[in-house]
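Computed from a prediction, not measured in an experiment: that's the story for all the values here.
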Amino acid sequence: MDWQSDLMSPVVRDTAVTRTARRKMLTSRPIPSPTTDWSPGVAMVTPARPMLRTPGSLFRQAVTPRLNPDVSAIVATINKSQRFTRNLDDSDWTNSILPSPRSGWADTSFTDDFTNVNSALLREDDPGESAASSLLSDFLSAFLKHSSSAVFDLLEDYHNLCLDKVEVLQKVVQRTGASSRTAGVRWILQQESSTWRLMTSLYRDRVQSALEEDIDMTVASQSEKLVVEQLFQRDAVIRQGQLVVDWLESIAKDQIGDFSDNIEFYAKNVCWENTLHALKLRRKGSVGLSIPLVTELDPDAPLRQQRPLANLDREDDTRLLKNLLTLIRAGMTEEAQRLCKRCGQAWRAATLEGWKLYHDPNMTSGLGRLTPVEGNPNRRIWKLCCWSLSEEEQLDRYERAIYAALSGNLKALLPVCESWEDCVWAYFRVLVDSLVEQEVTSSGLANQEEEPLPREYTEANWTLEKIFMELQATDSKRVLEEHGEHHHVIQRLVILGDLDGLMEEFSDWLSSSKPLPSHLLRFMTHLVLFYSSLGIALKEEVCVAVLQSYITLLIEEQQSELIASYTSQLPTALAVQRYASYLEGVSQTEQQRRALHLAADAGLDVAAVTQLVVEAVRERDGPEFTPHTHTLDTNTTQDDQKKIDVIDWLLFESTHRAEALKQSNAIMRRFLAVQKHEAAKAVFSKLPADSVKEVQRQWAGLQPDTPLPAEDLNAIREHRCIRAYLEAREAFSDWFSHSSSAPQKPVPASQAKFTERVANEMRENEYQVECTAWRGRLQVLVDEVKERVYQVLLFTDGWMIDTPEGEVSERGLQMALLRSLCVPRLSFLLLSVLTSSSRHQEALQLADVLAAANNHLHQVFSKEDLRRFLQKIRESSLMLLDCGLDALGYT
């Protein structure tokens, strides 16, 4: 408000300040000045205290349709009787809602521990973000700590967490300056704490109202107090309107702290003492007055006589009125009255008393003794007087605003409201006030002979929607800017109960090119989760988008401990997909193990997640299965290594061993198709040797009398087929390596001497021995190759053929392609080994094996392969004929 921007510290009074006041100002601890402008850079925090819950529900038809949660458990801790015991004759309607405020930021004392922490923060590039980064994990801890039936305790924890960080950041700001980035983080957290407090008070009321039956509470009442109590019990609009007023006043109360206890006015116990002194001097004739002052000192004298007070008294009054308005804005009416009395204006304190509702307990108590009457029996007259004072243009604008707030004169109150919070407070205070007056008037308790209230007051017919429409149409540039701020938009829509509108705003923010602040995104996520815990249905696509954005933020911030818990809040299929996508970037073994442990704790389907991770990595080059028959680069690339290592995800838990078999088979099929045998062997070696037995053991433990499912049986069979093929390739590699390393025959020296000839003979003998050993080893390796290849060719029921065969699938097609590729390849390798070893008859036997009808091996050969194979068989037959044998190798 502008009275705050103009107001100097009450202690500062130029030369009029006494030495005692100056000493007190220097020695007392710093206090927040009420002059502080309520802008985003200024502390404005909802206090950590429970607000009074008022009954009923607001705009049930405006709230998105509810599901049917067990809300009775959610509000099990709410005492229903409290809504029928409200005392409206306390200092004001909000006293029970405003317990003692949190200590203000004026307390600048630092403990040794905090000084050390603060020093560490100041060394950071962005101390604000560093100090507040722990909120990410703190909010998750609070979320997991509270069950779904303690949602309001959870909101209180959220609120307190924000306040604690605000206090830390405030002390950092005091060192780094208000223009630092830390100040911006602090302001965001202040707004968030205020929003959580608003959510707590409004939804506690709305949830309990939903549990209570609509009972007609209207009974004949003989006092204004009882009439208004019944109004609050049955009318959700006035009840929640008052909650909004309470909320805004608590923000202001926290902001000003206890400044009223430190105010130093020149006048102590005497009102207008400087004017009094001047009048006494004039009466004695000792001095003349340069300007005409009032000649009487009753409260109405300046207005009645149209004469001013002494200059110092006018300064005192201006300062006093500004501070009174600040206290009333903070809901501290009793404190304002005490301040008036302390400054010698008890009459002004009495003018702030007349709002209390009249009630004579002797009319209904039935007690034998009389009890004091409560409230103001002439409250209507008092209200008219306040309205008249607020319209008096000759009065100070702050004095007019004070009485405008008491009488509901919005026109006179708004000019001193500059911030969005101030304007909302003014509108909602007038809304509640007008509804109370309408109820009192309609009850018949109002004196019909009294002058009616102004028509602009009685005919305003304020509603929540109308209030925010007026705010949106304001001429104040500042209010318009603040009206569009993220948290103010959220607060507005929460007050209106417009959750569909809230989701639309969230969607617009997420789709904007400008990134959202991390703390706002965290708030949006937990707000969505709060509504979910209440069973309130929101637009699922928006909720999912909010969670997805927050999970992305956590991944970017490397908050690995938090990701699983928030991912588990997504729909099941999407949660699996999202977490699998995250795990693709986790490469360290311990990190992988920890990530899966967190996923299991969060309730994610770990088996589905790991399966999806492996499938995503192995199909990264595309889902097409493209075998190659030509010579390719068979070296293992980095991408190949990633596909090899991805199997590790399925090896942390023995229960995933069956899936590990299936996925490793799929990866090896692709490697074999492009002749990357070393990569395939690396995948095979990843699997523990007891994998097949482990799969069988686990199934036996689950269903001992039932054979393994066909899917698992075929996976085991394919695993054995691949092992047989890899062993055959390994045997051929050993043979090829050995055959290429034949001993080198020594070359005898010409015209050698006797000793050299002896040495040559010895080398020749050694050569013969090595050749004999080499040939023997070569024949053993030839036999090994032959045995291993035949194990593939004569594999039971066919190599790479499922038994029983299932429906045609992508896997089946890949196996068939691999069979048509590998069987001819192995056959040619064995044929080359046999022919190079002059074992032509065995080469002809290979042709018999391939041609056997029961094996169907010849069917996997292409025409070109068959032509080449038969050409080599023909060559072997010719070699046998040259050796004196028949074409088949027989004598």
Side-chain angles (χ1 to χ4, degrees), residues 1-7 34-39 42 44 92 94 238 241-242 244-249 251-252 255-256 318 321-333 336 352 355 383-437 453-485 488 491-492 495-496:
M1 293 186 177
D2 57 0
W3 75 79
Q4 295 170 310
S5 61
D6 296 340
L7 179 61
T35 65
T36 305
D37 189 15
W38 297 342
S39 63
V42 178
M44 188 178 299
D92 63 21
T94 66
I238 189 172
Q242 183 63 47
V244 174
V245 173
D246 301 339
W247 167 65
L248 292 167
E249 289 178 349
I251 295 175
Q255 179 189 7
I256 64 176
T318 300
L321 291 169
K322 290 176 182 178
N323 283 279
L324 289 178
L325 185 55
T326 301
L327 289 170
I328 292 174
R329 166 67 179 85
M332 303 167 68
T333 306
L352 304 180
W355 64 269
K383 198 178 191 73
L384 288 169
C385 292
C386 289
W387 186 284
S388 178
L389 287 172
S390 68
E391 294 285 319
E392 181 57 61
E393 295 183 356
Q394 297 184 34
L395 294 180
D396 184 277
R397 60 174 181 156
Y398 303 113
E399 185 170 12
R400 293 177 59 193
I402 290 172
Y403 294 110
L406 295 173
S407 62
N409 189 349
L410 184 64
K411 181 180 178 182
L413 182 56
L414 284 178
V416 296
C417 298
E418 286 194 347
S419 71
W420 184 84
E421 288 89 352
D422 296 338
C423 291
V424 174
W425 171 80
Y427 276 104
F428 272 82
R429 186 178 176 99
V430 171
L431 166 70
V432 174
D433 192 84
S434 62
L435 292 176
V436 168
E437 289 301 328
L453 294 169
R455 293 182 60 184
E456 61 182 293
Y457 173 79
T458 57
E459 297 178 2
N461 295 325
W462 290 107
T463 63
L464 304 186
E465 291 82 359
K466 184 178 179 181
I467 287 175
F468 288 110
M469 289 177 63
E470 289 288 331
L471 281 174
Q472 196 168 3
T474 183
D475 295 331
S476 171
K477 182 179 179 180
R478 174 180 172 181
V479 174
L480 281 177
E481 290 177 352
E482 293 183 356
H483 189 73
E485 289 171 352
H488 288 161
Q491 291 161 3
R492 169 173 58 86
I495 292 171
L496 294 174

**Item:** Partners meeting ring pair (Phe, Tyr, Trp, His ring centres under 6.0 Å) with Y427 (sequence neighbours left out)
**Value:** W462
**Message:** Just to verify, what does R400 make a salt bridge (Lys or Arg N to Asp or Glu O under 4.0 Å) with, not counting sequence neighbours?
**Reply:** none
**Complete:** With sequence neighbours left out, the residues meeting side chain to side chain contact (heavy atoms under 4.5 Å, CB included) with E392 are L303, Q394, L395
**Fill in**
C423 and V479 have their tightest heavy-atom pair at SG-CG2, 3.8 Å
**Item:** Listed partners of E393 passing salt bridge (Lys or Arg N to Asp or Glu O under 4.0 Å), at least two apart
**Value:** none
**Partners passing side-chain hydrogen bond (donor to acceptor under 3.5 Å, both in side chains) against S390 (at least two apart in sequence or in another chain)** = N409
**Request:** Taking all heavy atoms of H483 and all of W420, pick out the closest pair and write down the distance.
**Result:** ND1-NE1, 3.0 Å
**Prompt:** Distance from N323 atom CG to T318 atom OG1, nearest 0.5 Å?
**Reply:** 11.0 Å
**Message:** Are the side chains of L406 and T333 in contact, using a 4.5 Å heavy-atom criterion?
**Reply:** no
**Non-hydrogen atoms of A426 and L414 that approach each other most closely** = CB-CD2, 4.1 Å
**Request:** Keeping the roles fixed (side chain from S388, backbone from L384), state whether a donor-acceptor pair exists under 3.5 Å.
**Result:** no
**Item:** Check: R329 main-chain N/O paired with R429 side-chain donor or acceptor under 3.5 Å
**Value:** no
**Request:** Taking the side chain as every heavy atom from C-beta outward, state whether L352 and I328 have any pair of such atoms under 4.5 Å apart.
**Result:** yes
**Prompt:** Are E249 and M332 close enough that some pair of their side-chain heavy atoms sits under 4.5 Å apart?
**Reply:** no
For a quick test of your reading: what N or O donor-acceptor pairs under 3.5 Å do the side chains of residues 466-475 make, sequence neighbours left out?
| from | atom 1 | to | atom 2 | distance (Å) |
| --- | --- | --- | --- | --- |
| K466 | NZ | A460 | O | 2.8 |
| T474 | OG1 | S476 | N | 3.2 |

